[in-house]
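All values reported here derive from a predicted model rather than from experimental measurement. Below, read A as the first sequence line, B as the second, and so on, with proteins coming before strands; counting in each chain starts at 1.
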There are 2 protein chains.
Amino acid sequence: MFSKVLVAEDYEIANQGIIKVLNDKIGIHNIEEAKYCDDAYLKFRKAHNDQEVFELLITDLSFREDHKPQTRTSGIDLIKDIRSIQPDIKVIVYSQEDRPDKINMLFENLNINGYVCKGQHAIQELVACVQGVYQGDTVWPPEITNNSAANTMIHLDDLDIILLEELSQGFTKKEIRIKLKKQNISPNSESAIDKRVSKLFDDFKAKNTTHLVAIVKDLGIL
Amino acid sequence: MFSKVLVAEDYEIANQGIIKVLNDKIGIHNIEEAKYCDDAYLKFRKAHNDQEVFELLITDLSFREDHKPQTRTSGIDLIKDIRSIQPDIKVIVYSQEDRPDKINMLFENLNINGYVCKGQHAIQELVACVQGVYQGDTVWPPEITNNSAANTMIHLDDLDIILLEELSQGFTKKEIRIKLKKQNISPNSESAIDKRVSKLFDDFKAKNTTHLVAIVKDLGIL
DNA sequence: GATGTCAATACAGATTTCTGTAATGGAGCC
DNA sequence: GGCTCCATTACAGAAATCTGTATTGACATC
């Protein structure tokens with residue numbers, strides 16, 4: 001089993017809970033905790049320099065801002081920075097996030113080894129995840145593998161995101177057209193924008209622009 | 001100090017963390033935990049019937065739905081039901097929620113005794129909160145008392161919320177007017193609705209309906 | 001009773017949205 | 001070349017939005 005683990009989680013109580021589980025259920029005792037991404041990174045660097053490397057990083061994604069200004073503000077930054085120094089470190093993300101597209105992204109772009117969703121069965125899932133990752137597996141959360149939503153996802157390209165962003169900021173199609181022209185983004189006629197947005201209406205089953213923006217906000221796409 | 005405490009929190013790991021803190025930092029050992037509101041209520045009823053009442057309830061607000069159907073779906077329901085039987089039980093809410101208006105509501109409408117925001121300093125805050133509540137104080141989270149946002153808040157009445165909700169679901173003003181008439185909600189002319197929404201535009205500095213919905217979604221009002 | 005205030009309502013016009021149809025032009029294939 | 005397919009663009013009309021002004025009635029104050 002892993003002998004040295006780093007836990008990055010800003011919620012103190014969740015932090016304590018993770019440590020308790022690793023202790024009681026898996027028998028890992030050499031655990032360091034960090035409440036800030038930068039702290040986690042420093043502890044990692046120190047261990048790396050001392051040739052006593054961490055074998056596993058368990059990290060949250062979102063870290064609240066407070067008085068201490070941080071260079072890294074999210075677990076994603078932390079993972080990238082740590083992996084750039086020690087590419088073979090195992091990484092488990094432990095987060096509230098339950099949107100399939102976001103979790104997919106973590107596995108595909110960051111090559112994380114496991115994901116545990118903060119929830120009612122987090123203890124069992126965390127234990128299974130740590131054990132699976134130790135054996136070399138990639139451990140997806142049950143919410144995702146059971147859920148067909150990941151497969152039937154709607155593909156949005158850059159323009160779609162731009163349009164959604166502009167619409168949510170209250171710009172009219174005419175204003176958006178002018179903006180796109182200025183930025184030399186290719187489809188920039190009002191009717192082309194209309195067409196795109198109409199397609200988004202179909203995709204998300206929205207009745208109008210307002211409804212569309214509400215839906216994508218709820219889905220967390222914006 | 002409190003001798004018997006009930007903890008209702010669906011996130012197992014947070015649950016463990018709370019227990020650990022109450023144990024280590026305050027010396028409370030008689031703690032029962034529940035992952036569902038209904039479970040918490042049953043444990044409370046049993047203790048009440050056995051004349052071994054809980055003196056303190058620490059509860060989350062939101063409980064995720066899963067396969068087990070629940071009659072109570074939020075900590076608010078739980079608090080109401082428990083208080084209706086044992087009005088003098090002390091209640092501390094421990095939640096992610098950090099919006100001043102929501103937290104205000106808990107103190108004003110539910111008369112909770114303390115609030116702790118899940119966060120970086122939750123351990124210290126929880127300890128201080130439990131001790132303060134034990135002494136008979138009402139313990140507000142530092143985020144609120146320090147924050148002037150609570151005072152400069154925009155007041156939204158029921159109609160405003162209904163309108164925002166309907167608009168976000170893509171209904172036109174005409175449809176909303178008809179709905180309001182059906183439900184016998186008083187201001188239901190299209191122009192009255194227009195006026196209300198225009199006021200919301202001013203309040204939230206929104207350019208149009210789409211923008212407005214995006215803003216209130218971001219603020220978490222919807 | 002007279003006055004002022006405020007919300008609800010009615011109405012109007014300019015602008016924007018939404019939904020069609022049709023024309024254009026490039027990319028790929030036979 | 002000739003062809004289809006597809007995205008972009010143009011245009012047009014019905015519907016909805018947004019912004020004003022004006023009227024009414026309820027309510028409180030003097």
Side-chain angles (χ1 to χ4, degrees), chain A residues 152-219 221-222, chain B residues 152-219 221-222:
Chain A
T152 60
M153 268 183 45
I154 297 160
H155 181 261
L156 303 177
D157 65 14
D158 291 349
L159 181 61
D160 291 322
I161 300 292
I162 292 174
L163 293 181
L164 289 172
E165 189 64 50
E166 296 290 330
L167 288 172
S168 79
Q169 290 175 24
F171 294 106
T172 67
K173 305 228 170 107
K174 190 184 288 183
E175 290 172 317
I176 295 174
R177 186 197 69 202
I178 294 169
K179 278 193 167 192
L180 290 179
K181 276 228 173 75
K182 266 189 186 168
Q183 297 173 41
N184 270 341
I185 298 176
S186 68
N188 52 32
S189 73
E190 230 159 301
S191 52
I193 295 173
D194 274 347
K195 279 278 190 301
R196 283 289 190 129
V197 176
S198 288
K199 188 174 176 310
L200 292 175
F201 286 173
D202 290 344
D203 289 343
F204 290 102
K205 310 209 191 323
K207 294 177 198 157
N208 52 40
T209 311
T210 305
H211 193 196
L212 176 65
V213 166
I215 291 171
V216 297
K217 284 277 181 192
D218 282 343
L219 289 175
I221 294 171
L222 280 192
Chain B
T152 60
M153 268 183 40
I154 297 162
H155 181 259
L156 302 178
D157 65 14
D158 291 347
L159 181 61
D160 292 323
I161 300 292
I162 291 174
L163 292 182
L164 289 172
E165 190 63 51
E166 296 291 331
L167 288 173
S168 80
Q169 289 174 24
F171 293 107
T172 67
K173 306 230 168 101
K174 190 184 291 182
E175 290 172 318
I176 295 174
R177 187 197 69 206
I178 295 170
K179 278 192 168 194
L180 290 179
K181 275 226 173 78
K182 267 190 186 168
Q183 297 172 41
N184 270 343
I185 299 176
S186 69
N188 52 32
S189 72
E190 229 159 303
S191 53
I193 295 173
D194 272 350
K195 278 278 189 301
R196 283 288 191 129
V197 176
S198 287
K199 188 175 175 311
L200 292 175
F201 287 173
D202 290 346
D203 289 344
F204 290 103
K205 310 206 192 325
K207 294 177 198 157
N208 52 40
T209 311
T210 305
H211 193 197
L212 175 65
V213 166
I215 290 170
V216 297
K217 283 278 180 191
D218 283 342
L219 289 175
I221 293 170
L222 282 193

How many Å lie between [atom1] on [X] and [atom2] on [N], as a whole number?
X: B/E190; N: C/dA8; atom1: CD; atom2: C1'; value: 14 Å
X: B/R177; N: D/dT17; atom1: CZ; atom2: P; value: 11 Å
X: B/F201; N: D/dT17; atom1: CZ; atom2: C1'; value: 8 Å

query: Do the side-chain N or O atoms of B/N188 get closer than 4.0 angstrom to the phosphate oxygens (OP1, OP2) of C/dT9?
result: yes
Taking the side chain of [X] as its heavy atoms from C-beta onward, which of [options] lies nearest to it?
X: A/R196; options: C/dC18, D/dT19, D/dT8; value: D/dT8
X: A/K195; options: D/dG20, D/dT17, C/dT21; value: C/dT21
X: B/S189; options: D/dT9, D/dT17, C/dA10; value: C/dA10
X: A/A192; options: D/dT17, D/dT8, D/dG20; value: D/dT8

Assign [X] to base, sugar-phosphate, or nothing according to its heavy-atom contacts below 4.0 angstrom with the strands shown.
X: A/D194; result: base
X: B/K173; result: sugar-phosphate
X: A/K174; result: sugar-phosphate

field: Positive for side-chain hydrogen bond (donor to acceptor under 3.5 Å, both in side chains) with A/E190, one of A/R177, A/K173, A/K174
entry: A/R177
If you take atom types as modelled and just measure distance, does the side chain of [X] reach the base of [N] with a donor-acceptor pair under 3.5 Å?
X: B/K207; N: D/dT17; result: no
X: B/K199; N: D/dT19; result: no
X: B/S191; N: C/dA10; result: yes

